[in-house]
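This report refers to the structure that appears directly beneath it.
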Amino acid sequence: MNLTTLPKIVLRLQYKIARFPLGLVEQQLRFLPTDAPPRLMYERGLGMLDGIVGSVLDDQEIATRGALATERADAVKRAEKLDAQAAAEKRAADAELRRTHERAAAEQEAARRDREKEVQQARERAPERAKQAEKEAEQKKAAEPAKVSLKDAVAKQLEVKEAQERAHDAGEVAEFEKIEHKNP
């Protein structure tokens, strides 16, 4: 037996005695969540203490226990940071998605307003076109000799009627789109 063996045995015994109440505190802290700051701080400190004492006493069991406790506390802290980073990235992605939806809705609303405007303009121009077609028909009729064929007169009346029907259809389409937009 050499001179350092006896003091190491005495120190090992003293550390076991000092470590006993620390172990009781550690067991009480196990009731806290694994990521609770007091628990992590205590486990990391106790792990560092075990690592230092294990190195000084040349006891691999104590040193390994300390290294594992320190590594576990550090791993939990890293996991917390990664969770916080992931949550922040998720919030940013959700905000970007919300902005994209808002832009799409605004573009749809603008397109709907443009369609309504075009339909309204077509509806407003339809009677004018019908009148203009009638005028043209009358002018042709007046300019033609007295022998106007029945076929031409019927064709002009059909054109006028079709123009009126298109105007009426444009109005119905506009009404349908208004109803459809109000009740998607």
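For this chain, numbers begin at 1 and follow the sequence in order.
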Supply the atom-to-atom distance Arg166 CZ to Arg125 CZ, rounded to the nearest 0.5 angstrom.
-> 12.5 Å
Establish, from distance only, whether the side-chain atoms of Gln120 and Glu124 form a donor-acceptor pair under 3.5 Å.
-> yes
Set of side chain to side chain contact (heavy atoms under 4.5 Å, CB included) partners for Gln85, sequence neighbours left out | Leu82, Glu89
Residues Gly47 and Ala69: closest non-hydrogen pair is CA-CB, 3.8 Å
Indicate yes or no: does Glu165 engage Lys161 in a salt bridge with an N to O separation below 4.0 Å.
-> no
Given Arg103 and Thr100, is the side chain to side chain contact (heavy atoms under 4.5 Å, CB included) satisfied, shown in steps?
-> CA-CA 5 Å; Arg103 278 194 302 268; Thr100 302; 3.4 Å; yes
Carefully, step by step, assess Arg112 and Glu109 under the rule salt bridge (Lys or Arg N to Asp or Glu O under 4.0 Å).
-> CA-CA 5 Å; Arg112 184 195 62 75; Glu109 179 62 23; 2.3 Å; yes
Heavy atoms only: give me the nearest Arg12-Asp59 pair and the separation to one decimal.
-> NE-OD2, 3.4 Å
Lys77 atom NZ, neighbour heavy-atom count above 12 within 6.0 Å | no
Linking Ile, Leu, Val, Met, Phe, Trp and Tyr through side-chain heavy atoms less than 4.5 Å apart, which residues share a cluster with Leu97?
-> none
Contact summary for Leu32 and Pro38, nearest pair of heavy atoms = CD1-CB, 4.4 Å
With hydrophobic residues grouped by side-chain heavy-atom distances under 4.5 Å, do Leu49 and Leu29 end up in a single group?
-> yes
Following the transitive rule for hydrophobic clusters with a side-chain heavy-atom cut-off under 4.5 Å over Ile, Leu, Val, Met, Phe, Trp and Tyr, establish whether Ile17 and Leu22 coincide in one cluster.
-> no
Could you walk me through whether Gln164 and Glu134 pass the side chain to side chain contact (heavy atoms under 4.5 Å, CB included) test, one step at a time?
-> CA-CA 11 Å; Gln164 288 174 342; Glu134 284 179 23; 4.1 Å; yes
Test side chain to side chain contact (heavy atoms under 4.5 Å, CB included) applied to Glu80 and Leu40, step by step | CA-CA 11 Å; Glu80 277 183 343; Leu40 289 175; 4.2 Å; yes
For atom CD of Glu61, is the number of surrounding heavy atoms from other residues, nucleotides or ligands below 6.0 Å larger than 12?
-> no
Could you tell me whether Glu118 and Arg115 have a side-chain N and a carboxylate O separated by less than 4.0 Å?
-> no
Could you give me the CA-CA distance, side-chain angles and deciding distance for Glu96 and Arg99, then say whether salt bridge (Lys or Arg N to Asp or Glu O under 4.0 Å) is met?
-> CA-CA 5 Å; Glu96 180 62 30; Arg99 284 190 298 272; 2.7 Å; yes
Under the side chain to side chain contact (heavy atoms under 4.5 Å, CB included) rule, what do Arg113 and Lys117 come out as? Steps first, then yes or no, please.
-> CA-CA 6 Å; Arg113 277 188 259 126; Lys117 187 176 180 180; over 6 Å; no
Does a salt bridge link Asp94 with Arg98, judged by any charged N lying under 4.0 Å from a carboxylate O?
-> no
If you round to the nearest 0.5 Å, how far is CG of Leu57 from CD1 of Ile9?
-> 10.5 Å
If you look at every heavy atom in Ala167 and Ala126, which pair is closest and at what distance?
-> CB-CB, 2.7 Å
Interatomic distance, Ile52 atom CD1 to Tyr15 atom OH [nearest 0.5 angstrom] | 9.0 Å
Salt bridge or not for Glu26 and Arg30, using N-O below 4.0 Å?
-> yes
Roughly how far, to the nearest 0.5 Å, is the CG atom of Asp50 from the CZ atom of Arg19?
-> 4.0 Å
Less than 4.0 Å between a side-chain N and a carboxylate O, is that true for Glu159 and Arg129?
-> no
